[in-house]
Student: 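I have a structure I would like to understand better, so I am pasting it below and will then ask my questions one at a time.
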Amino acid sequence: MTSSNPAAWIGRGESVADNLDAGHAGRIAATLGEPAPAIGAPLPPLWHWAFFISPVGMDGIGADGHPARGGFLPPADDRNRMWAGGRVAFHAPLRVGVPAERRSTVADVREKTGRTGALLFVTVRHEYHQDGVLAIQEEQDIVYRQPSPPKLAGTDAPPASQWRRQVDPSPVLLFRYSAVTFNGHRIHYDHPYVTGTEGYPGLVVHGPMIATLMVAAFRAAHPSARLDHLSYRGLRPLIAPKPFDVAGRINEAGLAELWAEQDGTLAHQAQLKFSA
């Protein structure tokens with residue numbers, strides 16, 4: 001495909017197989033401070049983001065550390081990329097050490113105008129299959145924004161929580177999460193780049209890690225709950241190494257409100273549907 005029109009990427013697909021290696025699951029566990037799952041055990045929720053990687057050689061990496069654009073994802077070479085949010089439906093647990101496949105499609109590409117300029121929104125749809133069963137369905141929203149000062153200040157105070165956990169996002173934690181997810185985006189580990197080129201005051205905490213930690217805090221408070229559906233979005237970046245909290249509360253039966261907060265205001269939000 002040679003078109004430079006981003007909308008021409010709608011419908012483009014790829015498939016990636018993975019054996020869900022137990023050794024790699026152990027590295028994720030060590031990074032997140034969780035017990036390592038054994039072979040055949042369920043992979044904890046959202047840990048699949050550290051698997052199903054389609055590796056790109058160093059000659060295919062862009063200036064920001066991501067794979068150069070125009071392959072599976074549409075070109076937006078003059079813009080900064082962020083993971084804005086998404087939706088995940090949990091049908092069956094993926095099991096560690098059992099071959100699985102991710103089938104991905106570019107579902108939508110839309111241009112919008114925001115307060116910081118032009119924004120290109122790309123929605124990617126994923127399906128994860130294992131042993132002939134659809135285990136997870138997911139949509140991810142990726143936004144490409146024109147270079148501009150990022151929104152850093154929060155405006156909304158968090159609600160009263162029923163559970164919470166403090167997270168200390170040290171540079172080592174961010175580096176290790178980048179490593180286990182094979183994420184080369186330089187905003188997470190390259191201080192001169194993130195401050196000098198993209199205009200953040202410090203390293204940026206990964207959106208997927210924040211979502212994973214929000215769900216982990218819920219599971220610690222409700223270990224018998226079965227997850228059904230998660231929708232999540234970022235309101236503003238979390239900047240390391242300042243601590244932040246992941247917290248939540250149950251608003252009604254089977255529906256939990258999750259969030260991440262820093263400096264007394266909301267940074268990320270999620271809704272989790274679950275079964276007792």
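All of these numbers come straight from a predicted model, not from anything done at the bench.
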Student: Judged by atom type as modelled, is there a donor-acceptor pair below 3.5 Å linking the side chain of S161 to the main-chain atoms of R164?
Tutor: no

Student: Would you name the heavy atoms of P159 and L266 that are closest together and state the gap between them?
Tutor: CD-CD2, 4.4 Å

Student: Does some side-chain heavy atom of L120 sit less than 4.5 Å from a side-chain heavy atom of R110?
Tutor: no

Student: Any side-chain heavy atom of D64 sitting closer than 4.5 Å to one from R186?
Tutor: no

Student: Hey, does R95 have a side-chain heavy atom less than 4.5 Å from the side chain of D131?
Tutor: yes

Student: Quick check: do S104 and R125 have side-chain heavy atoms less than 4.5 Å from each other?
Tutor: no

Student: CG/L119 to CE/M82 distance, rounded to the nearest 0.5 angstrom?
Tutor: 12.0 Å

Student: Any donor and acceptor pair, going by atom type alone, linking the side chain of H24 with main-chain N or O of V180 inside 3.5 Å?
Tutor: yes

Student: Please state whether the rings of H66 and H185 are parallel, tilted or perpendicular, taking 30° and 60° as the class boundaries.
Tutor: tilted

Student: Going through the checks in order, is the side chain to side chain contact (heavy atoms under 4.5 Å, CB included) test met by L174 and Y189?
Tutor: CA-CA 7 Å; L174 270 59; Y189 60 87; 5.9 Å; no

Student: Return the CD1 to NE2 distance between I136 and H126, rounded to the nearest 0.5 Å.
Tutor: 11.0 Å

Student: Quick one, I10 and D108 - any side-chain contact, counting heavy atoms below 4.5 Å?
Tutor: yes

Student: Would you confirm whether D21, through its side chain, and G23, through its main-chain N or O, come within 3.5 Å as a donor-acceptor pair?
Tutor: yes

Student: In Å, rounded to the nearest 0.5 Å, how long is the span from NE2 of H91 to CG of L134?
Tutor: 5.0 Å

Student: Does Q271 CD have over 12 foreign heavy atoms under 6.0 Å away?
Tutor: no

Student: Heavy atoms only: give me the nearest D190-L203 pair and the separation to one decimal.
Tutor: N-CD2, 3.7 Å

Student: Starting at CG of L94, measure out to CG of L43 and round the result to the nearest 0.5 Å.
Tutor: 6.0 Å

Student: Find out whether Y128 and E138 are in side-chain contact, i.e. whether some heavy atom of one side chain is under 4.5 Å from a heavy atom of the other.
Tutor: yes

Student: Taking the side chain as every heavy atom from C-beta outward, state whether V88 and Y232 have any pair of such atoms under 4.5 Å apart.
Tutor: yes

Student: Applying side chain to side chain contact (heavy atoms under 4.5 Å, CB included), run through V143 and W83 and close with a yes or a no.
Tutor: CA-CA 6 Å; V143 61; W83 196 348; over 6 Å; no

Student: Looking at R102 and E14, does any basic side-chain N land under 4.0 Å from a carboxylate oxygen?
Tutor: yes

Student: Are V98 and V16 in one and the same hydrophobic cluster, where Ile, Leu, Val, Met, Phe, Trp and Tyr link if side-chain heavy atoms are under 4.5 Å apart?
Tutor: no

Student: Which value, rounded to the nearest 0.5 Å, describes the distance between L272 atom CG and F90 atom CZ?
Tutor: 7.0 Å

Student: Applying salt bridge (Lys or Arg N to Asp or Glu O under 4.0 Å) to E127 and R103, what does each step give before you reach the verdict?
Tutor: CA-CA 5 Å; E127 292 186 348; R103 303 169 190 170; 5.1 Å; no

Student: Which atom pair, heavy atoms only, marks the closest approach of W163 to L258?
Tutor: CZ2-CD2, 3.7 Å

Student: Is there side-chain contact between W47 and L32, with heavy atoms separated by less than 4.5 Å?
Tutor: yes

Student: Would you please test S275 and D228 for side chain to side chain donor-acceptor pair (under 3.5 Å) and show each step?
Tutor: CA-CA 7 Å; S275 306; D228 295 322; 2.6 Å; yes

Student: For residues L238 and Q262, report the shortest heavy-atom separation together with the two atoms involved.
Tutor: CD2-CB, 3.4 Å

Student: Shortest non-hydrogen contact from V205 to M209?
Tutor: CG1-CE, 3.7 Å

Student: Test salt bridge (Lys or Arg N to Asp or Glu O under 4.0 Å) on R233 and D141 and set out the steps.
Tutor: CA-CA 9 Å; R233 66 189 182 108; D141 299 324; over 6 Å; no

Student: Using atom types as modelled and distance alone, determine if a side-chain donor or acceptor of Q162 lies under 3.5 Å from a backbone N or O of G248.
Tutor: no

Student: Above 12 or not: heavy atoms from other molecules or residues under 6.0 Å from CD1 of I61?
Tutor: yes

Student: Would you confirm whether D18, through its side chain, and F52, through its main-chain N or O, come within 3.5 Å as a donor-acceptor pair?
Tutor: yes

Student: Check the pair F218, H222 against ring pair (Phe, Tyr, Trp, His ring centres under 6.0 Å), reporting the backbone distance first and the verdict last.
Tutor: CA-CA 6 Å; F218 168 83; H222 305 86; 4.7 Å; yes

Student: Report yes or no: does H188 contribute a side-chain atom to a donor-acceptor pair with the main-chain N or O of V204 at less than 3.5 Å?
Tutor: yes

Student: Begin from the C-alpha positions of W259 and E257 and carry the test side chain to side chain donor-acceptor pair (under 3.5 Å) through to its verdict.
Tutor: CA-CA 7 Å; W259 64 86; E257 180 182 6; over 6 Å; no

Student: Which heavy atom of A92 sits nearest a heavy atom of V133, and at what distance?
Tutor: CB-CG1, 4.3 Å

Student: So, taking the atom named CD1 in I28 and the one named OG1 in T181, what distance separates them when rounded to the nearest 0.5 Å?
Tutor: 9.0 Å

